[in-house]
Amino acid sequence: MSDYLKELNERQREAVTHIDGPLMIVAGAGSGKTKVLTTRIAHLMRNGVDAFNILALTFTNKAAAEMKERIEKILGNNEARNLYIGTFHSVFARIMRAEATKMGYPSNFTIYDSDDAKSLLKGIINENNLDDKMYKPQYVAGRISAAKNNLMTPAQYQQDHFIQQEDARSGRPLIGQLYAQYAARCFKNGAMDFDDLLFKMYQLLVNFPDVLAKYQHKFKYVLIDEYQDTNIAQYQIVKLLAAVHENICVVGDDAQSIYSFRGATIENILKFQKDYEGAKVVKLEQNYRSSQNILNVANRVIGLNKNQIPKNLWTDKPEGEKLKLVRTLTDNDEGKFVADAIAEQKLRNHYNNRDFAILYRTNAQSRAFEESLRRMNIAYRIFGGLSFYQRKEIKDFIAYLRIVANPQDEEALKRIINYPVRGIGKTSVERIIIAANESGKTFWEVLQEPQLAGMKGAAAAAIEAFVVMMRSFQAMQQKNNAYDVAFAVGKHTNMVKELYNDKTVEGLARYENVQELLNSIKEYTETPNEDGEVVEDKSLGAYLQQITLLTDADKNNEEDQDVVKLMTIHAAKGLEFDCVFAVGLEENIFPSAMSLYDREDLEEERRLFYVVITRARDRLWISYANSRYRFGSLVQNDPSRFIDEVPPEYMDRSFAGIAGAKGSGSAASSPGGAARSYAPKQQPAKNTTTVAASGNTDLSRIAALNKAKAAQPVAHVPSANFVASDPEQMEQGMRVEHMKFGVGTIIKMDGGAHNRIATIDFGAGVGEKKIMLNYAKLMILN
DNA sequence: CTTTACCCACTTTTT
DNA sequence: GTGGGTAAAG
């Protein structure tokens, strides 16, 4: 085990064996960055540093898990479990859990994900009677997020001239006010959003010197992965934590900085040497991943960017295959082409599914590939997109648990107070919110005394029943574990039963998802604490805080499933694959339409292109479609400008026609294939579409007319003496008159005592209708 | 109060 | 094409 140093090259070893003092590792793509980080941590421990004194921060849970695993492997014991390794967010959440009460938060504080944050913000925008077209929650959330990532309080935001000017110019001068209200409401709800985990952490360290001292002392060695992606808040926190010992090691690659939209600033890595005088700098420039050809392309592409630390990435691997550029007619053809190519490569070069990745710019692009892979019977898995925990049914279920752990959580309450339906509707909720805002009480407190909000009768009774139920769950929490509470919630709210009774396909999936959630909670509570000294917090509160920070990619780490992987390029950073399909290389997609007009933005897109190129070990395809469906309609985009930045000598061009099209070969060999259009087959198609189109307009007009006629109830003029009768008296067989539907016969009665529903046959033209007697006006005729 | 039927906005990228 | 939000009917 002690020969781990032998597996390193000279530069790597230099970085690993540097123990005390600041160290910056500039690690090019595929240069063994993770290996260096993990080996360095193992080396520290070998040299007497206690695992408890090492903090390693990453950006994804996956990276953290991988590091931990690899360190364990090097060390050959389980000392690694005492390390503090995790994402910025999860490590800070863990610390905040211990320290939150100092800041006035409950230790069971809720973590709001972006959906929670947006819905809270939306409510606030409405309360202020602002136009949510102008004040789009997403936009406002973005401004607030940026402020927090720059460590700016609401007061500072409102006093900052530049920002005020910006907001005024964009026609949204009140954002500062919204920020203040949003922050106050989060606090009242006992909740932190993702940005707060950083922002509040910073405030904690600044405002409580004893806390700062404690963690400075604890974390004698600090390591930061992907330093180029840190934002101001992360940068300042790290600076504070490392200030005493200055045993800080950062690893990064400016060429792979792709998170500036999240406030990351490349400045942090560029000024490291100024921040820490005498810092040692090690450059890792040997690439162990990609073939010569792939690397050449990557180097040329990134060379077009102006801002960068000079590097010379090289490899001693063979030249390898050229890149393949593929043009298809449509997005569906692109999907088909990729699936075909995978099938072919598997046969010809003995690859497995797991050796392939399909990488795209936006999550929405996955559909065509899913369909074609499924058709070809190729196993795949999509990473990212909607995470398991963002599904409606899961969020609903978790909302209950959140209230149990933290009754202040208004967002969770609003979410489920009437789900499953229990007769607490919109007006009741509005009243409660108003009462809560006026009295300064929390939503939950108002629920305790619904009379104060002017509630009475059925609504008040429903609220009371709801409160009693929630209290019983909260009482359970004291004695029972998270799973027992969750099980009771599923049972007593009727949620599980309701989903079970929904026999539609989606209903079934929802039911299964909830079962899966319950299972995962069970697993969480039953997994015994690891035998190291670290006693993991198994409470409901800890569970909830943890899962909010989980991404889909983290959920199952069954790495070895033999599946093709589909994900965004962002999600693929740090990963590598034998064969990579970089798809959707079209203007407005990649580079994104949002980045076309700003040099900095465009350079970030180019870095993204660099990232996708450098994911590939052996083979790389680049594809684009002439036209594709976006927002449900067909659009055409030019080929991406990045295609022209690939030196032609490293790239083969081809054209993938429609499946089975004989023209595919000839098109591929024709000159300037990429620019050539596929004309011949389009002539007849054009004709048919025109014919169909003209026919369509008439048809659809007629259909629309018919529909309008049918939808309009047959004009029935109510009798002059029409008086609504008492619904209590209505029974099967009676003849009744309806205000709109006319005269009919009650053929069936159902529904509960207070919600009777009559099925009435109104005869030809109207037919049978189900009428809720409480609301419809009917007159008994007999 | 609840359900349904339209209408619209949505697409960068993530903790 | 989708999912969420709103208006009108039940």
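Below, chains carry the letters A, B, ... as their sequence lines are ordered, and counting in each starts from 1. Quantities reported herein were computed from a predicted structural model and do not represent experimental measurements.
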Could you tell me which residues satisfy salt bridge (charged side-chain N to carboxylate O under 4.0 Å, His left out) with A:E586, sequence neighbours excluded, listed by chain and number?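 Once residues adjacent in sequence are excluded, the partners of A:E586 under the salt bridge (charged side-chain N to carboxylate O under 4.0 Å, His left out) criterion are A:R628.
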Measure the distance from [atom1] on [X] to [atom2] on [N] and round it to the nearest whole Å.
| X | N | atom1 | atom2 | result |
| --- | --- | --- | --- | --- |
| A:L602 | B:dT13 | CG | P | 18 Å |
| A:M96 | B:dT15 | CE | P | 21 Å |
| A:E604 | B:dT14 | CD | C1' | 12 Å |
| A:Q138 | C:dG3 | CD | C1' | 14 Å |
| A:D115 | B:dT15 | CG | P | 14 Å |
| A:F59 | B:dT14 | CZ | C1' | 11 Å |
| A:R415 | C:dG5 | CZ | P | 10 Å |
| A:K62 | B:dT15 | NZ | P | 11 Å |

Between [options], which nucleotide gets closest to the side-chain atoms of [X]?
| X | options | answer |
| --- | --- | --- |
| A:T568 | B:dT11, C:dT2, B:dT13 | B:dT13 |
| A:K133 | B:dT3, B:dA9, B:dT14 | B:dA9 |
| A:S428 | B:dC10, B:dC1, B:dT15 | B:dC1 |
| A:Y259 | B:dT12, C:dT2, B:dT14 | B:dT14 |
| A:V421 | B:dT2, B:dC10, B:dT13 | B:dT2 |
| A:M594 | B:dT12, B:dT14, C:dG1 | B:dT12 |
| A:K122 | B:dT12, C:dG5, B:dT14 | C:dG5 |

Can a side chain N or O of A:T427 be found less than 4.0 Å away from OP1 or OP2 on B:dC1?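 For B:dC1, OP1/OP2 do have a side-chain N/O of A:T427 under 4.0 Å.
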Could you tell me whether the phosphate oxygens of B:dT11, OP1 or OP2, come under 4.0 Å of any side-chain nitrogen or oxygen in A:N363?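 For A:N363, the contact criterion (side-chain N or O under 4.0 Å from OP1 or OP2 of B:dT11) is not met.
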Touch check for [X], heavy atoms < 4.0 angstrom, all strands: base, sugar-phosphate only, or nothing?
| X | result |
| --- | --- |
| A:F590 | nothing |
| A:D195 | nothing |
| A:K136 | sugar-phosphate |
| A:Y629 | nothing |
| A:K392 | sugar-phosphate |
| A:N418 | sugar-phosphate |

Dot-bracket for DNA chain B, please, read 5' to 3', with Watson-Crick or G-U wobble pairs under 3.5 Å on both distances, ( ) within the strand, [ ] crossing, | other strand, . unpaired. ||||||||||.....
Along DNA chain C (nearest heavy atom to each residue), the more 5'-positioned of A:S633 and A:K426: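 The 5'-side residue here is A:S633.
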With [X] as the cation and [Y] as the aromatic partner, state whether NZ or CZ is under 6.0 Å from the six-membered ring centre and within 45° of the axis.
| X | Y | value |
| --- | --- | --- |
| A:K62 | A:F383 | yes |
| A:R262 | A:Y259 | yes |
| A:R172 | A:Y139 | yes |
| A:R94 | A:Y84 | yes |

Would you sort out whether A:L359 and A:F581 count as a side-chain contact (heavy atoms from CB on, under 4.5 Å), showing the intermediate values? CA-CA 6 Å; A:L359 307 179; A:F581 294 89; over 6 Å; no
Can you spot which of A:E603, A:Q228, A:E600, A:E604 makes a side-chain hydrogen bond (donor to acceptor under 3.5 Å, both in side chains) with A:S260?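 When side-chain hydrogen bond (donor to acceptor under 3.5 Å, both in side chains) is applied between A:S260 and each of A:E603, A:Q228, A:E600, A:E604, only A:E604 qualifies.
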Mapping A:I424 and A:F631 to their closest nucleotides on DNA chain B, which lands nearer the 5' end?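 So the residue in question is A:I424.
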With nearest nucleotide decided by heavy atoms, which residue, A:F88 or A:K118, maps closer to the 5′ end of DNA chain B?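 Looking at DNA chain B, the more 5' nearest nucleotide goes with A:K118.
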Just jot down the side-chain contact (heavy atoms from CB on, under 4.5 Å) partners of A:M594, sequence neighbours excluded, or say none.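 Checked A:M594 against side-chain contact (heavy atoms from CB on, under 4.5 Å); matches are A:S592.
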Going by the angle between their ring planes, with limits at 30° and 60°, are A:Y360 and A:F369 parallel, tilted or perpendicular?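 Correct class here is parallel.
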